[in-house]
Amino acid sequence: KLSSSVFGVCVVQLKPQLELLLNLPEKSLTKEIRLTQDLLSLFIDYQIPSDLLSYDGADDLDPLSKVEVVKGHVKKVFDMVDEMKDRDLKEEQQKADMRYEQRAMRSP
C-alpha cells in the first residue's frame with residue numbers, strides 16, 4: 001500500500017515570518033531562542049494577538065533595542081497570564097473549600 005502513497009514535507013521558516021509580523025529587522029531573532037519559544041507559546045497556547053507583542057516604535061531604533069521592546073511586551077503579557085492563572089486557582093480552591101465545609105456540615 002505504501003508504494004502508491006505520496007508523502008510531502010513542507011518546511012516553513014518561522015523566525016523570518018515572526019520578525020516580519022513583529023516589525024523586527026531580519027535575523028534579529030536568530031539568537032533569541034527563548035523569546036521565539038515564548039512568542040510561539042503566546043500565539044498558539046494563549047492566542048494572544050500579534051499587535052500586543054509587536055514593535056511599534058520609531059524605525060531608526062537599533063535592532064537590539066527593538067528586540068528588547070518586544071521582550072518587554074512578552075514579559076507583560078506573561079505576567080498578566082500568570083496573574084489570571086493565580087486568580088483562577090484561588091477561586092477554584094475557595095469553591096473546593098466551600099464544598100468541603102458544606103459536606104462537613106451535613107455529616108453528623
Side-chain angles (χ1 to χ4, degrees):
K1 270 194 160 184
L2 287 178
S3 62
S4 63
S5 298
V6 177
F7 290 100
V9 176
C10 178
V11 177
V12 177
Q13 297 286 330
L14 290 178
K15 286 185 182 180
Q17 297 305 315
L18 278 174
E19 291 164 350
L20 188 63
L21 179 68
L22 298 170
N23 298 323
L24 293 173
E26 276 186 36
K27 301 190 186 222
S28 59
L29 292 178
T30 301
K31 294 184 180 180
E32 297 291 341
I33 296 167
R34 175 65 181 206
L35 177 60
T36 303
Q37 290 174 340
D38 288 347
L39 286 164
L40 290 174
S41 174
L42 289 173
F43 290 141
I44 295 168
D45 298 335
Y46 300 104
Q47 298 184 1
I48 302 296
S50 62
D51 61 333
L52 292 178
L53 302 170
S54 62
Y55 175 75
D56 56 357
D59 290 335
D60 59 347
L61 196 62
D62 66 290
L64 266 127
S65 297
K66 290 180 181 181
V67 171
E68 289 301 318
V69 168
V70 171
K71 279 183 183 180
H73 294 326
V74 168
K75 183 181 180 336
K76 286 178 187 175
V77 172
F78 265 122
D79 288 347
M80 180 190 66
V81 167
D82 289 341
E83 186 179 305
M84 291 177 71
K85 282 182 181 179
D86 288 343
R87 186 191 68 210
D88 291 347
L89 182 62
K90 285 178 185 175
E91 285 178 12
E92 289 302 317
Q93 201 168 17
Q94 286 176 344
K95 287 179 186 177
D97 289 344
M98 290 174 76
R99 284 192 296 268
Y100 178 76
E101 289 174 11
Q102 287 176 347
R103 285 188 195 132
M105 293 174 105
R106 286 187 215 148
S107 300

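This one's a predicted model, so the numbers in the text were calculated from it and none came from an experiment.
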Is there any side-chain hydrogen bond (donor to acceptor under 3.5 Å, both in side chains) pair reaching into residues 49-63, and which pairs are they, with sequence neighbours excluded? Asp62-Ser65

If we only count heavy atoms from C-beta on, is the Val70 to Lys66 side-chain gap below 4.5 Å? no

Members sharing Val9's hydrophobic cluster, built from side-chain contacts under 4.5 Å between Ile, Leu, Val, Met, Phe, Trp and Tyr, are Val11

Listing, residues 93-102 side-chain donor-acceptor contacts under 3.5 Å, not counting sequence neighbours, or none:
none

Yes or no on salt bridge (charged side-chain N to carboxylate O under 4.0 Å, His left out) for Asp38 and Arg34, after CA distance, side-chain angles and deciding distance? CA-CA 6 Å; Asp38 288 347; Arg34 175 65 181 206; 3.5 Å; yes

With a 6.0 Å cut-off (strictly less than), is the heavy-atom count around CG of Leu89, excluding the residue itself, greater than 12? yes

Output yes when Lys15 and Glu32 qualify as a salt bridge under the 4.0 Å nitrogen-oxygen rule, no when they do not. no

What do you reckon, is CD of Glu91 surrounded by more than 12 foreign heavy atoms closer than 6.0 Å? yes

Any residue meeting side-chain hydrogen bond (donor to acceptor under 3.5 Å, both in side chains) with Ser41, in chain and number order, not counting sequence neighbours: Asp45

Would you mind listing the cluster partners of Leu64? Hydrophobic ones only (ILVMFWY), side-chain contacts under 4.5 Å, chaining allowed. none

Return the CZ to CG distance between Phe43 and Leu52, rounded to the nearest 0.5 Å. 9.0 Å

Report yes or no: does Glu19 contribute a side-chain atom to a donor-acceptor pair with the main-chain N or O of Ser28 at less than 3.5 Å? yes

Evaluate Leu29 against Leu14 for side-chain contact (heavy atoms from CB on, under 4.5 Å), listing each step before the verdict. CA-CA 10 Å; Leu29 292 178; Leu14 290 178; over 6 Å; no

Excluding sequence neighbours, so at least two apart, what forms side-chain hydrogen bond (donor to acceptor under 3.5 Å, both in side chains) with Asp79? Lys75

Run the side-chain contact (heavy atoms from CB on, under 4.5 Å) check on Glu92 and Asp88 step by step: do they pass? CA-CA 6 Å; Glu92 289 302 317; Asp88 291 347; 5.6 Å; no

OH of Tyr46 to CE of Met84, rounded to nearest 0.5 Å, is 10.5 Å

Same cluster or not: Leu20 versus Leu61, using hydrophobic residues (I, L, V, M, F, W, Y) connected whenever any side-chain heavy atoms lie under 4.5 Å apart? no

Taking all atoms of both residues into account, what is the closest heavy-atom pair of Leu53 and Val77, and its distance? CD2-CG2, 3.7 Å

